[in-house]
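Source: prediction; values computed, not measured. Throughout, a chain's letter reflects where its sequence line sits, starting with A, and its residues are numbered from 1.
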2 protein chains.
Amino acid sequence: MTSAATRDAVTSGAVLDTALTLFSERGYHGTALSQIAEALEVRTPSLYNHMRSKQELLQTIVERTVRGVMDDFHEATDGHAEPVDRLYHAVLVYARRHATHRREAIVVNRDTSSLEEPFRSQMQTLRREHEHALRSIISDGVDAGRFVIGSPALGSFAIREMCVSIARWYHDDGPITPEQVAREYTEFALNIVGVGRS
Amino acid sequence: MTSAATRDAVTSGAVLDTALTLFSERGYHGTALSQIAEALEVRTPSLYNHMRSKQELLQTIVERTVRGVMDDFHEATDGHAEPVDRLYHAVLVYARRHATHRREAIVVNRDTSSLEEPFRSQMQTLRREHEHALRSIISDGVDAGRFVIGSPALGSFAIREMCVSIARWYHDDGPITPEQVAREYTEFALNIVGVGRS
DNA sequence: GCACATGACTTATGAGCGTTAGCTAGTCCC
DNA sequence: GGGACTAGCTAACGCTCATAAGTCATGTGC
C-alpha cells in the first residue's frame, strides 16, 4: 500500500501552482477545491495541510503578482530621466511579464473582484499606483514636448491594457519569445504616444 | 394583496438584462439565480417562467454580442477598399461598441470559458472570424506599402485588445463620450500600424 | 360570467460546495 | 525503540445552488 510519506508529498508550493493554473483556466468561482485536489492526486481535505482556505490561495496569488509588477516598474525606470526612456523600459518589463507570467495576469485581471474586503481594496490601491506612475510618464513626456497625444489618460489605458492582454493570447510553445513580444510592444507604445513626430 | 397580474410582470427581457448586469459585475459562476431574482423582486423559481436555465442566459448574451460584432464590422468596412479606411472604420465601430456595450463585452471576455460545449467552440470560431478579418486588413496594408509594422499578427492583437478593454474602465457618467473614445482609439490604431511613415 | 392561460407563489430534491474533526500510518530525531 | 511531527485518509457538517412540481390568484376573450 502506498503510504503518505513514501509517495512525493504535496507541498504548499504545488498547491498554489495548481490553483494558479486552474483559476486561470476556469476562474476562482469556477474552480472547486476538489479539482485542485484531483490534479494533485489527493483527496480534497488533504489540501488543508498546505493552506488555510481557498480565499487565501487567491490572495497570495494576487498579492505576489501586484507587488512584482511594482518592483519591476521601479527597477526598470529608476535609472532613467527622459520620458522616452522611462516609457520604453516601463512597457518593456510590463509586456514581458505578461508573456512570462500569463496565469498570474489572467487571475489578477479576472478574479480581483472575488477577493474579500479589506484585501481587495488594498490590492486595488496598489494597482492604481502603477496606473498613475505610467500616466505620469506620459504626461511628463507631453509637457516636455516629447510626446504628441490627444489624451494622456486614454493613451495610458490603451498601453496598459494591450500589454495585459498579452497573457490572453501568448503561448510559450509558439515561435516568438517573450522578449520579442515585449520589444514589439514597446514600439506600439511609443507610436501611440506619438514619439518622434513634429 | 398584490397579485401576479396586477404588479408589473417580469419579462424575459428584464431577466436577461439583470443577468447581464450581475454577470458583468460578479462573473457567471459568482452570480446566483437567487441574486437575479432578488434584483427583480421575485422568488428564484419564478425565473423559470422566463428562461430555460442559467446557462441559456449566458449563451444568449454571448451569441447576441458576438454576432453584433461581426455585423458591425461588415457594415463598417464593406464600402471601403483602402486598408487605411477599412482599419479606421473597423476600429471605430469596435471601440465604440465596447464603450456602449460594456456589460456584454465584460461577460463575453471573462465568461466564455463557462459556456458548455459545443456552444463554446462555436462561439470561439465566430470570434476567430473577426480576429482574422482585422489581421487581414493589416496584412493587406503592409503588402500595399501603406502600413509599417514588424508583425501584423501582434499589431492585430494589440489593437483588438486595447479596444476590448475600454469596457473595463469606461464610465457613462464621465465627461467623455463613446464617440470621442472611439476616435482617439482609431488614432492609436493607425499609429500602431505605422500609417504615414516612410 | 366562466374557462383558460399566465405568472407569481411555496415547498422540496439532489448535487456540490468549502470546511472541520478525528483517525492512521509513515518518517525523523533522540 | 519510542514520541513528535507530517500528511495522508474517511466521514460528516452546514450551506447554497439550480431545478422540479404543484398551487393559487389574476386579467383576457368568449
> If you measure only the distance, is there a donor-acceptor pair under 3.5 Å linking the side chains of Glu117(A) and Ser121(A)?
Replying inline: yes
> When you match Asn49(B) and Tyr48(A) each to their closest nucleotide on DNA chain C, which lands nearer the 5' end?
Replying inline: Asn49(B)
>> Any donor-acceptor pair under 3.5 Å linking the side-chain atoms of Arg160(B) with those of His130(B)?
In response: yes
>> Is the phosphate of dC17(C) approached by Ser34(A) (side-chain N or O, under 4.0 Å from OP1 or OP2)?
In response: yes
> Is Ser46(A) near enough to dC9(D) that one of its side-chain N or O atoms lies under 4.0 angstrom from OP1 or OP2?
Replying inline: yes
>> Strictly below 4.0 Å: does His50(B) bring a side-chain N or O up to OP1 or OP2 of dA8(C)?
In response: yes
>> What is the distance, to the nearest angstrom, from the NE2 atom on His29(A) to the C1' atom on dC17(D)?
In response: 13 Å
>> Please determine whether a side-chain nitrogen or oxygen atom of Arg43(B) lies at a distance below 4.0 Å from atom OP1 or OP2 of dA8(C).
In response: no
> Roughly how many Å is it from CE in Met51(B) to P in dA18(D), rounded to a whole number?
Replying inline: 8 Å
> With a 4.0 Å cut-off on heavy atoms, is Thr31(A) in touch with a base, just the backbone sugar-phosphate, or nothing at all?
Replying inline: sugar-phosphate
> Among side-chain atoms of Arg26(B) and Ser113(A), is any donor-acceptor pair under 3.5 angstrom?
Replying inline: no
> Rounded to whole angstrom units, what separation is found between the CD atom of Glu41(A) and the P atom of dC9(D)?
Replying inline: 10 Å
> Quick one: is Thr44(B) getting a side-chain N or O under 4.0 Å of the dT19(D) phosphate, OP1 or OP2?
Replying inline: no
>> Between C1' on dC17(D) and CD on Gln55(B), what's the gap in Å once rounded to a whole number?
In response: 15 Å
>> Return the CZ to CD distance between Arg52(A) and Gln59(A), rounded to the nearest 0.5 Å.
In response: 9.5 Å
>> Using whole Å, what does the distance between atom P of nucleotide dT10(D) and atom CG of Leu47(A) come to?
In response: 13 Å
> Roughly how many Å is it from NZ in Lys54(A) to C1' in dT20(C), rounded to a whole number?
Replying inline: 17 Å
